[in-house]
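Each remark here refers to the structure printed beneath this line.
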Amino acid sequence: MFRMTVRFLLLTICCGLLSGIASAQDEAFRASPDAESTKSLYWFGSVAYGPREMGGTIFVNRYGPISGIATPDTLGLDTAESFQFRLGAIYKRWRFMVDYLPTNYTGEGYAAVEIKVGDLPTIPAQTNVVSDIDTDLLLLNVGYELLHTEKWVGALGVGFGRTVLDIALVPTVGQPLAFDGTTPFGYISGDIARHFGRWNMRLGIGWISAEFDGTRIDYGNYNASLAYALTQHKFRSEIVAGYRQIDLKFDYNVPGERVLTDISLEGPYVGLIFAW
């Protein structure tokens, strides 16, 4: 219920203000009245760190003699601490950004498996599992500022994403359940930023629900942050704290099997933003 509420509020706020993230960790430099008004090209970058809690269903194999289902709770996957990086440029009202979010989860738990032999009834079982899961997310985004005032900056954009999902579940008994897939996808984004003094508040979203190369993907990226400017003028630096939630749902259809994954990665973060 909390996740749905957060997503609804972010979507409502962003869409309402723009129609009148991608995440918005670069707008403060442009929104600041201290920035050089004649400058048309800015570079920016950010690095942040924090825990990411995984939720949802990690792995479901629908076809084959052995299929399994697992969740973060059953696999003993709690929280992984990880970095998130951003690099980009702003030319007049155009933005170009690259985001990279790698995360690795390891744990020991159990998975529910089903064994199918011929026409015999399915045999349910439970087995102890050692798991190793990597989720690497790369996002490229191009946006345009529809709203640009001394205090407010808001933009809409489109992007290209690629996720590398590497799942390895090694049970005590039976064959390993594994999947290693790379899925490209496109998405739309929107963000809004409010500048007041040295403080900057930002809300951003990225979203898509579509099918690419036979793979169904539902993607959502929701970000809220508050930053404080340490230095301004020609070189700007900020300390930032925020909360980010990423929803990834994949329906892979490959020869001989069908793999479903529906996960969310969310948690707080702190970091630094630089712009020049």
Side-chain angles (χ1 to χ4, degrees), residues 7 10-11 14-15 18-19 21-27 30 41-48 52 56 82-104 133-146 153-167 179-193 202-225 242 244-254 259-266 269 271 273 275:
R7 282 181 281 183
L10 289 177
L11 283 167
C14 290
C15 291
L18 291 176
S19 65
I21 126 240
S23 67
Q25 292 185 354
D26 56 287
E27 301 90 328
R30 291 297 304 275
L41 177 63
Y42 300 87
W43 297 92
F44 61 89
S46 68
V47 57
R52 289 188 196 138
S82 183
F83 284 95
Q84 51 182 307
F85 306 94
R86 165 170 288 184
L87 183 64
I90 303 175
Y91 178 70
K92 295 183 178 179
R93 291 198 172 195
W94 289 96
R95 304 180 189 173
F96 308 89
M97 297 180 289
V98 180
D99 287 278
Y100 179 57
L101 297 91
T103 314
N104 174 259
I133 298 174
D134 287 310
T135 59
D136 291 345
L137 189 63
L138 180 66
L139 304 171
L140 310 177
N141 185 267
V142 177
Y144 184 79
E145 295 176 354
L146 299 177
V153 175
L156 290 176
V158 295
F160 171 81
R162 190 195 71 171
T163 180
V164 178
L165 186 63
D166 187 357
I167 301 174
F179 180 79
D180 185 0
T182 300
T183 302
F185 59 92
Y187 65 92
I188 58 175
S189 63
D191 59 63
I192 191 77
R202 309 170 177 96
L203 299 173
I205 60 172
W207 176 86
I208 193 64
S209 179
E211 185 172 320
F212 301 91
D213 296 329
T215 297
R216 179 75 188 183
I217 181 170
D218 293 285
Y219 161 78
N221 191 337
Y222 314 93
N223 189 27
S225 66
R244 191 169 197 168
Q245 176 179 325
I246 300 172
D247 295 329
L248 297 169
K249 182 178 181 180
F250 302 103
D251 186 349
Y252 298 96
N253 281 284
V254 295
V259 178
L260 300 178
T261 299
D262 186 359
I263 60 175
S264 65
L265 310 174
E266 61 178 292
Y269 61 85
I273 303 171

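Keep in mind the model is a prediction, meaning the values are calculated, not measured. Only this structure's heavy atoms are used, side chains among them; waters, hydrogens and symmetry mates stay out. Throughout, residue positions are numbered sequentially from 1 according to the sequence presented.
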Geometric class of the Y100/F85 ring pair [parallel <30°, tilted 30-60°, perpendicular >60°]: parallel
Measure across Y269 and A224 and return the closest heavy-atom pair with its distance rounded to 0.1 Å. OH-O, 4.0 Å
Donor-acceptor contact below 3.5 Å, side chain R202 vs main chain S225: no
I want to check something: taking the side chain as every heavy atom from C-beta on, are F44 and I273 in contact at a cut-off of under 4.5 Å? no
For the residue pair R93 and L146, what are the closest heavy atoms and their distance? NH1-O, 3.9 Å
Side chain to side chain, Y219 and L248, heavy atoms closer than 4.5 Å: yes
Heavy atoms, side chains only, cut-off 4.5 Å: are V98 and L138 in contact? yes
For E145 and K92 the tightest heavy-atom approach is OE1-O, 4.4 Å
Is there side-chain contact between R95 and D191, with heavy atoms separated by less than 4.5 Å? yes
Can you find a pair of side-chain heavy atoms, one from I217 and one from Y187, that are under 4.5 Å apart? no
Less than 4.5 Å apart, any side-chain heavy atom of L139 and any of F185? yes
How far apart are the closest heavy atoms of S264 and D247, and which atoms are they? CB-OD1, 3.2 Å
Side chain to side chain, I188 and W207, heavy atoms closer than 4.5 Å: yes
Pairwise distance CE(M97) to CD1(I90) - rounded to 0.5 angstrom: 8.0 Å
How long is the gap from CG on N221 to CD1 on I246, to the nearest 0.5 Å? 4.5 Å
Does N141 use its side chain to pair, donor to acceptor, with the backbone of V158 at less than 3.5 Å? yes
To the nearest 0.5 angstrom, please state how far the OG atom of S46 sits from the CG atom of D99. 7.0 Å
Using only atom types and a distance under 3.5 Å, with no angle test, would you say the side chain of R52 pairs donor to acceptor with the backbone of F83? yes
To the nearest 0.5 Å, what is the distance between CD1 (I205) and CG (N223)? 11.5 Å
Side-chain contact, heavy-atom cut-off 4.5 Å: R244 with L265? no
Roughly how far apart are T183 OG1 and L137 CG, rounded to 0.5 Å? 11.0 Å
If you round to the nearest 0.5 Å, how far is CG of D262 from CG of D251? 10.5 Å
